[in-house]
Structures are given as C-alpha cells and as structure tokens.
Amino acid sequence: MTPAAESDRRRWVYADADQQRWVAEEAKRPGRSAFARDRARVLHSAALRRLAAKTQVVLAGRADFPRTRLTHTLEVAQIARELGQSLGCDPDLAEVAGLAHDLGHPPFGHNGEKALAEVAAAYGGFEGNAQSFRVLTRLEAKSFAGGRSAGLNLTRASLDATAKYPWPVRPGSSKFGVYADDLEVFDWVRQSAPDGRRCLEAQVMDWADDVAYSVHDVEDAVHGGHVRLPRLAEPADLDDLLALARDRYAPDVEVAELGDALDRLRRLPFWPTAYDGSQRALAALKNLTSELIGRFSYAAQDATRAAFGGGPLARYDADLVVPRQTRLEVAVMKGVAGFYVIEPQGTGRTHRRQREVLAELVSTLWHDGGSQLEPWLRPAWDSAGDDAARLRVVVDQVASLTDVSAVAWHDRLCRNGASTADRRAGGGAAERP
C-alpha cells in the first residue's frame, strides 16, 4: 500500500465529527491532517514543557538518569503511536493521547495529587486526568469562544483519546475525568460516545502508560541502586513485594499468580541477574526495557487482532485486549518499583513536607484574594461567582507549577507558614479553605 493510500485509509476510519473543533477554524496548511495539527499544539505547549521539572518517581533534579514526567510522557507517546498505528488508529491521534495524558499532573507526582485532592475535597476535588482535560480545554490558551479560553481547541477525537476516565465525579470513586465546570465541552466531546466507554485510542494510551512506567520505573530503580536484581528471588522480600503488587495493582488476583508472573519474567533469556553500572550492564538493562516493552505491546496487539480481525480499528470499532498473563506481568513490575522505591518514599519526611508545601501554598493564595496569582489566572479569580470557583482557580495555579517553582513560590509567599495577608495582620498561618 502506498503512503498516500495508507493516509486515505486512515482518514476514512474517522468521521468529519471526529475532526471537529469546539471553535471552528480554517485549515492552515494543505495536506496537513487535523490530528497532525493537534499533535503540534500539544508538543509546543507550555504545559508539556513544564513536565520536564515534575516528578515521575524520583524527585526531579535529584539525579540525571531517572525519568521526569516529561521523558515518561515522550516514551508513552512513542509506544502509543506504534501500538495504535499497528491496529489502524491514526498515529498522530494516538501520539496526541500519549503526549497529553499527564499535562494536569501537579508538582511532586502522585504525592502532590493527593495533597490537592485533600484541600479541594469540599469543592469538587482534584484528579490529574480531570486537570489534564481542563488544561487542554481551558488553561493552555490558544483559542477563545464566548469570552473564555477554549484551550488548545483540539479535535473531538483527540480530546476523547485523552479521556482515561470519561465520566465526572462518582460516589465512592476517586477516579474521574472532568470537573463540574468543564462539563459543557466534555459533553460536546462525548456527544455520540457510549456512556462510560473509552475509545480505542484512549485504551491504547492507557496501556502504553502502564507499559512505560512499569518497565522504566524498574530500570530507573535498578540504575539508582534501589533494586538489586538478585533480591527479587529472596523469599523475605518476595512475599512482601507480591503482597504489595496484589493490594495496589491487582486486587482480584491471588498472590501465587503474581509470583508465577515474576518467575516467567525472571526466566526470560534477556533478564539480567546483576547490575554493576558498567557499560555492559547498562546495555543489558536497556535491552531488558526494550524487550519487555515489545513483549507487552505485541501481546496486546496480537490479542486485539485475534478478537477483532485484521482491518483498520479506531474509535469505537474495538476494545484493546490485553491477555491476563500480560497484565499480571505488568502488575508485578509495578510492584517491584512500588516496593523498593515508591512505598519507602511515600512514608518519609520528604513526602510529608511536599504535601504541606502545596497545602500551605493553596491556603496563602486563597487568603491573599488572588493578588499573588499569575496574570493569566487573575481574570478567572475576578469573575468567579463563589468559593468553589475561586478555589478551583487557586488549584489551577498550584497544579501548573513545577517541583522547583512550587518550592520557590512557597519560600517567597509562605515564610514560617504565614501568608502575606497574615503577616500584614500580624496573625499566624491562614486557615485552609
């Protein structure tokens, strides 16, 4: 098939409605697809650049080798592009989903997400995926509609492809993909989508995310000395590791099945048995990541093809099929990083202080009446009709910061835990909103 015919085939899969934008625009360059334009918009966004200084697992800036949120994002985008293309998805659209999936993550990774969820609990909460949707449709300004920013004004299909959790807040669940005041554009995106179902491109993005961080977090942990490969066979560590993997990543699975999954991985011919930092060891570790990414991606590709046939698949033509054994292998890889890196950090003084920094910063910005917000957010504060809307603006500000800038803002505004307004009044730390 010629490149032109391949391009025509992909366009045929996507309806005109999939390529519509919230704000109508004229095409700028003949022959350039709507999804290629979306990809460029996300790639050139400030929100993507900020991910370079946001934590993935190891605190950003502490060492040169470990992933940041940006390098993780680029790796997810590459995996999503190739896996999506192999199934018939538009590769630019699949890549957009990967590039955009973490744009809403706040400083300090999931630890920061927990802190903002706590301070915003009474006003709609905080969720990184809902924040990503807000960044794309409101905060990262490129187009305006009806007096307000329409964000990057991506196509309906691209916004849908980023929707890991395509529903608003639900009782009993901490996962959701949209805040109440973003429902208008969300409902437009989901106009003809089955209720609560993710499109194929979103499922590809989600699996690419799982594959990337399960493999790369272990690579970073081995390189950083957190994981010594021989310890994965030691019974004392193994029991606790498998229990954590089950509780956090595979709650409906027996521990023995996860043990079998780890055994399968350790028996693979490319699984290294030791790591000493030499070039040969680095090459073996890099080969491990490459082989595992291929193993997990091809398993999903082959199983999806077996279920839905060999034709082009996109949008709601199919669901991504991931074999159970593959899911368990990914879960146990997550468990390795979780046990040796994430869990020890999560209970430490550093993580507690990170949560305090963000909570104190929210409190200060709130009680200073919006005066310390950046100029691009002050109009939203001024036009906010109630406390919920004002707190959402403050959370937008704090979530946009990098790890480094969050600390700098805190040092500047929250000396000794007191806000500017409190110091003027001679009071103590402000009460949290």
Side-chain angles (χ1 to χ4, degrees), residues 10 13-15 18 35 38-39 42 72-73 75-104 127-130 132-133 136 154-167 170 173 175-178 186 189-215 249-250 252 293-331 333-334:
R10 287 200 303 271
V13 171
Y14 295 92
D18 297 327
F35 303 141
D38 287 351
R39 175 184 175 275
V42 177
H72 162 74
T73 291
E75 290 161 343
V76 171
Q78 183 270 327
I79 296 169
R81 183 183 183 94
E82 292 194 9
L83 177 56
Q85 186 171 16
S86 75
L87 297 172
C89 303
D90 185 285
D92 287 323
L93 176 55
E95 186 173 354
V96 166
L99 288 171
H101 83 283
D102 267 355
L103 292 183
E127 214 286 334
N129 295 279
S132 293
F133 186 78
L136 292 171
L154 303 184
T155 60
R156 175 183 276 113
S158 286
L159 289 172
D160 200 23
T162 68
K164 188 174 180 179
Y165 307 112
W167 53 78
R170 291 175 171 177
S173 174
K175 297 297 184 182
F176 57 95
V178 61
F186 180 80
V189 170
R190 299 286 297 173
Q191 217 166 60
S192 58
D195 186 38
R197 182 182 170 193
R198 298 181 299 171
C199 64
L200 179 60
E201 293 85 353
Q203 295 176 56
V204 166
M205 171 271 289
D206 191 22
W207 183 241
D209 187 23
D210 276 358
V211 169
Y213 85 74
S214 68
V215 173
Y249 306 112
D252 299 325
I293 290 170
R295 178 183 178 88
F296 299 152
S297 299
Y298 282 122
Q301 175 186 320
D302 293 345
T304 303
R305 284 297 184 198
F308 293 98
L313 304 173
R315 300 289 280 145
Y316 295 94
D317 294 334
D319 289 308
L320 190 72
V321 180
V322 181
R324 178 182 176 82
Q325 286 195 346
T326 304
R327 288 196 181 276
L328 295 184
E329 290 175 3
V330 167
M333 289 287 290
K334 293 178 185 178

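Just the heavy atoms: all of them, side chains too, but no hydrogens, waters or symmetry mates, feed the values below. All figures in this text were calculated on a predicted structure; none of them were measured in a lab.
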Inset, instruction - Please identify each residue that fulfils side-chain contact (heavy atoms from CB on, under 4.5 Å) with Thr162, with sequence neighbours left out. - result: Ala100, Leu136
Legend entry - Candidate pair Val96 and Phe35, rule side-chain contact (heavy atoms from CB on, under 4.5 Å), full reasoning: CA-CA 8 Å; Val96 166; Phe35 303 141; 5.6 Å; no
Inset, instruction - State the NZ-OH distance between Lys334 and Tyr249, to the nearest 0.5 angstrom. - result: 7.0 Å
Legend entry - Closest approach of Ala202 to Ala163 (non-hydrogen atoms, all atoms of both residues): CB-O, 3.8 Å
Inset, instruction - State the CD-SG distance between Gln203 and Cys89, to the nearest 0.5 angstrom. - result: 9.5 Å
Inset, instruction - Using salt bridge (Lys or Arg N to Asp or Glu O under 4.0 Å) as the criterion, list what pairs up with Glu329, not counting sequence neighbours. - result: Arg264, Arg295
Legend entry - Minimum heavy-atom distance Val178-Ala130, with the two atoms named: N-CB, 3.5 Å
Inset, instruction - Please report the closest heavy-atom contact between Ala80 and Ala94, naming both atoms and the distance. - result: O-CB, 3.4 Å
Inset, instruction - Check whether any side-chain N or O of Ser86 sits under 3.5 Å from a backbone N or O of Leu83 as a donor-acceptor pair, and report yes or no. - result: yes
Legend entry - Partners meeting salt bridge (Lys or Arg N to Asp or Glu O under 4.0 Å) with Asp302 (sequence neighbours left out): none
Inset, instruction - Keeping the roles fixed (side chain from Ser214, backbone from Val211), state whether a donor-acceptor pair exists under 3.5 Å. - result: yes
Inset, instruction - Specify the closest pair of heavy atoms between Ala208 and Val76, including all atoms of both residues, with the distance to one decimal. - result: CB-O, 3.7 Å
Inset, instruction - Look up atom CG in Asp38 and atom CG in Asp92, then write down how far apart they are to the nearest 0.5 Å. - result: 9.0 Å
Legend entry - For Phe308, ring pair (Phe, Tyr, Trp, His ring centres under 6.0 Å) partners two or more places apart: none
Inset, instruction - List the atom of Asp210, the atom of Val330, and the distance in Å for their closest heavy-atom pair. - result: O-CG1, 4.0 Å
Inset, instruction - State the CH2-CZ distance between Trp167 and Phe186, to the nearest 0.5 angstrom. - result: 9.0 Å
Inset, instruction - Could you pull out the closest heavy-atom pair between Gly104 and Ser132, with the gap in Å? - result: N-OG, 2.8 Å
Legend entry - All side chain to side chain donor-acceptor pair (under 3.5 Å) counterparts of Arg305, not counting sequence neighbours: none
Inset, instruction - Taking the side chain as every heavy atom from C-beta outward, state whether Tyr213 and Met333 have any atom pair closer than 4.5 Å. - result: no
Inset, instruction - Tell me, please, which residues at least two apart from Asp206 pass side chain to side chain donor-acceptor pair (under 3.5 Å). - result: Lys164, Arg198
Legend entry - Partners meeting side-chain contact (heavy atoms from CB on, under 4.5 Å) with Thr326 (sequence neighbours left out): Trp207, Phe296, Ala299, Val322, Pro323
Legend entry - Contact check, side chains of Leu154 and Val42, non-hydrogen atoms, under 4.5 Å: yes
Legend entry - Residue list, side chain to side chain donor-acceptor pair (under 3.5 Å) with Tyr316, at least two apart or on another chain: Asp160, Arg190
Inset, instruction - Can you measure from CD1 (Ile79) to CG (Asp209) and round to the nearest 0.5 angstrom? - result: 9.0 Å
Legend entry - side-chain contact (heavy atoms from CB on, under 4.5 Å) partners for Ala314, two or more places apart: Val13, Tyr14, Glu201, Asp317
Legend entry - From Leu159 atom CG to Asp18 atom CG, the distance as rounded to the nearest 0.5 Å: 11.5 Å
Inset, instruction - Using a 4.5 Å cut-off on heavy atoms from C-beta on, say whether the side chain of Leu200 contacts that of Leu320. - result: yes
Inset, instruction - Could you list the residues that satisfy side chain to side chain donor-acceptor pair (under 3.5 Å) with Glu95, not counting sequence neighbours? - result: Arg39, Arg81
Inset, instruction - Please identify each residue that fulfils salt bridge (Lys or Arg N to Asp or Glu O under 4.0 Å) with Arg170, with sequence neighbours left out. - result: none
Legend entry - side-chain contact (heavy atoms from CB on, under 4.5 Å) partners for Glu82, two or more places apart: Gln78
